[in-house]
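See below for the structure under consideration.
Every chain is numbered from 1 and lettered A, B, ... according to where its sequence line falls, protein lines coming before strand lines.
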Amino acid sequence: MEKQFTSILMKWHKQTNTREMPWKGEPDPYKIWLSEVILQQTRVAQGWQYYTNFIKKYPTITQLARAKDQDVFKLWEGLGYYNRCKNLLFTARQIVNERKGIFPDQYEDILALKGIGPYTAAAIASFAYNLPFAVVDGNVFRVLSRFFGIAEAIDSSRGKALFTEIAGKVLSKKEAGLYNQAIMDFGAVVCKPFSPSCHKCPLQKHCVAFRDGRVNQLPVKEKTLQRKHRWLYYFLFEHDNKLLVHQRTGKDIWQNLFEFYLVESDAGVVWDDKSVKNWLKEQVGISKANLLYVSPLSVQQLTHQQIKGQFIRVRLAAVPVFLKKYQWQPVGSLRKLPFPKFIIQHLESPFLQKSLF
DNA sequence: AACGCGGGGAC
DNA sequence: GTCCCAGCGTT
């Protein structure tokens, strides 16, 4: 069955597959690496523009390594999972400083780099050097679990080990790069998560899940995620045409991105002018403030959290002592800083644009 | 082994 | 609303 799978898949790839992507057939390991990091847990359509932007601004790993953190994060803004960006920069600088800018060409050396796990290492090794390592990503889990009718959970250790083993068996070792491209394209174009195109699938005849009518039951996941609810109230403190900003640190969401003065609470409250004025006076000791606006409620759904909150813009006659330690950013250059989408949405909202006049 | 990390699109 | 996406690092 394994031989059949591989040969049919490769034939499909060479004869039928018309999927185009800017990094396809790319020989430069730097560009392959960049595309793979961008695409971690990210749809091709979403990552596409980010890839072309990065290549345009940083055509070589040396140029990326020499860039300022803030500029690179700005280019990554909106793509999510910002630790990828941090590791991308770290690894670019490491390769430039310690390896003269030359990307490693052995699987183990590639895997050892920060931000590169088993999937990305196999992708780079096979695409750049045609080394015989099989990628195991969401597409591969789905295609293999359906074709071989395997109900082992893909988010368990046993499942991961099992699918990795099978992936290695069906890999075309002579055309590893082509094969890896083939199975991922196939998973994205034919063997899709929802409404797969079984009616025109070249593997249908040998597909166990199709035979048993289990296509929509595979692959199996065992974990169900809980979504945390959070309430974030951002105060846009303004003084002398500058806004208070703050770079997020710690282990929480949006590490390294900027934000405004944050008040977080567990209980959902919707502020209005009156309650904000009272809070500023009673809790913060600001009495001579010009309250410019209290925004309507903003909502953002993330995979692991639901964020709700408001934006409150306050013009200060003077900077209170407890706010002096913060960074004050000129309003005109505010957008040079990387912000989370939750904040970008507000900065671009018609509400804000209107309320400034 | 379990958990946390963004954002968007399809249903 | 739920699920998933060219996964990874940390604990």
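Across the protein-nucleic acid pair, A/Ile183 atom CD1 and C/dA6 atom C1' stand 12 Å apart, rounded to whole Å. Atoms NE2 (A/His304) and C1' (C/dC4) sit 11 Å apart, rounded to a whole Å. The nearest whole Å value for the distance from the CD atom in A/Glu36 to the P atom in C/dA6 is 11 Å. Between the CD atom of A/Gln181 and the C1' atom of C/dA6 there is a distance of 9 Å, given to the nearest Å. Atom CG of A/Leu39 and atom P of C/dG7 are 8 Å apart (whole Å). In this structure, A/Gln226 places its CD atom 11 Å from P of C/dC3, rounding to the nearest Å. Atom CH2 of A/Trp33 is separated from atom P of C/dG7 by 17 Å (rounded to the nearest Å). Separating the CZ atom of A/Phe186 from the P atom of C/dA6 is a distance of 14 Å, rounded to the nearest angstrom.
Annotation: C/dC8 and B/dG9 have their P atoms spaced 24 Å apart (nearest Å). Rounded to a whole angstrom, the distance from the P atom of C/dA6 to that of B/dC5 is 22 Å. The separation of B/dG6 from C/dT11, taken at their P atoms, amounts to 15 Å, rounded to a whole angstrom. Rounded to whole Å, the separation between the C1' atoms of B/dG7 and C/dT10 comes to 22 Å.
The two residues A/Ile95 and A/Pro104 make their nearest non-hydrogen contact at CD1-CD, 4.1 Å.
If you check every strand for non-hydrogen atoms under 4.0 Å, A/Thr120 touches sugar and phosphate atoms only. If you check every strand for non-hydrogen atoms under 4.0 Å, A/Trp23 touches a base. A/Ile116 comes within contact range of the sugar-phosphate backbone alone, with a heavy-atom separation under 4.0 Å but no base atom that close.
The nucleotide whose nearest atom lies closest to any side-chain atom of A/Asn87 is, among B/dG6, C/dA6, C/dG9, C/dG9.
At a non-hydrogen distance threshold of 4.0 Å, A/Ser157 from residues 128-165 of chain A come into contact with DNA chain B. Taking every heavy atom of residues 249-264 of chain A and every atom of DNA chain C, pairs under 4.0 Å involve A/Lys251, by number.
Judged by distance alone with a 3.5 Å cut-off, a donor-acceptor contact links the side chain of A/Tyr81 to the base of B/dG6.
At least one side-chain nitrogen or oxygen of A/Gln305 sits closer than 4.0 Å to the OP1 or OP2 atom of B/dC5. Applying the 4.0 Å criterion to OP1 and OP2 of C/dG7, one finds that A/Gln40 has every side-chain N and O outside that range. Checking the phosphate oxygens (OP1, OP2) of B/dG7, no side-chain nitrogen or oxygen of A/Tyr50 falls inside 4.0 Å.
In this structure, A/Gln247 CD and A/Asn256 CG are separated by 5.5 Å, a value rounded to the nearest 0.5 Å.
Taking the six-membered ring wherever Trp is involved, the centroid distance between the rings of A/Phe342 and A/Phe311 falls below 6.0 Å. Note: A/Phe235 and A/Trp279 meet the aromatic proximity criterion, with ring centroids under 6.0 Å apart.
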Pair A/Phe260-A/Phe339, ring pair (Phe, Tyr, Trp, His ring centres under 6.0 Å): steps then yes or no
CA-CA 9 Å; A/Phe260 302 111; A/Phe339 290 100; 5.6 Å; yes
Atom pairs under 3.5 Å, N or O on each side, protein against nucleotides 8-11 of chain B: can you list them with distances?
residue: B/dG8; atom: OP1; partner: A/Lys341; partner atom: NZ; Å: 3.4
residue: B/dG8; atom: N2; partner: A/Arg43; partner atom: NE; Å: 3.1
residue: B/dG8; atom: N2; partner: A/Arg43; partner atom: NH2; Å: 3.4

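Every residue meeting the side chain to side chain contact (heavy atoms under 4.5 Å, CB included) condition with A/Ala134, not counting sequence neighbours, appears here in chain and number order: A/Ala167, A/Leu171, A/Asn180. Applying the side chain to side chain donor-acceptor pair (under 3.5 Å) rule to A/Gln46 yields no partners; only residues at least two apart in sequence or on another chain are considered.
Along DNA chain B, the nucleotide nearest A/Arg84 and the nucleotide nearest A/Glu222 are compared for position; the residue whose nucleotide lies closer to the 5' end is A/Glu222. Each of A/Ala123 and A/Gln306 was matched to the nucleotide of DNA chain C holding its nearest heavy atom; the match closer to the 5' end belongs to A/Gln306. For the pair A/Lys114 and A/Met21, both in contact range of DNA chain C, the more 5′-proximal nearest nucleotide belongs to A/Met21.
The aromatic rings of A/Phe5 and A/Phe148 lie tilted to each other, with the angle between the two planes from 30° to 60°. A perpendicular orientation is assigned to the rings of A/Phe351 and A/Tyr293, their planes being inclined by more than 60° (bins at 30° and 60°). By the 30° and 60° cut-offs, the orientation of the rings of A/Phe141 relative to A/Phe163 is perpendicular. Using a 30° and 60° split on the angle between ring planes, A/Tyr326 and A/His246 fall in the perpendicular class, above 60°.
Residue-environment remark: NZ (A/Lys192) exceeds the threshold of 12 foreign heavy atoms within 6.0 Å.
Applying the side-chain hydrogen bond (donor to acceptor under 3.5 Å, both in side chains) test to every pair with at least one member in residues 17-30 of chain A, sequence neighbours left out, gives these pairs: A/His13-A/Asn17, A/Asn17-A/Asp185, A/Arg19-A/Asp185, A/Lys24-A/Asp185.
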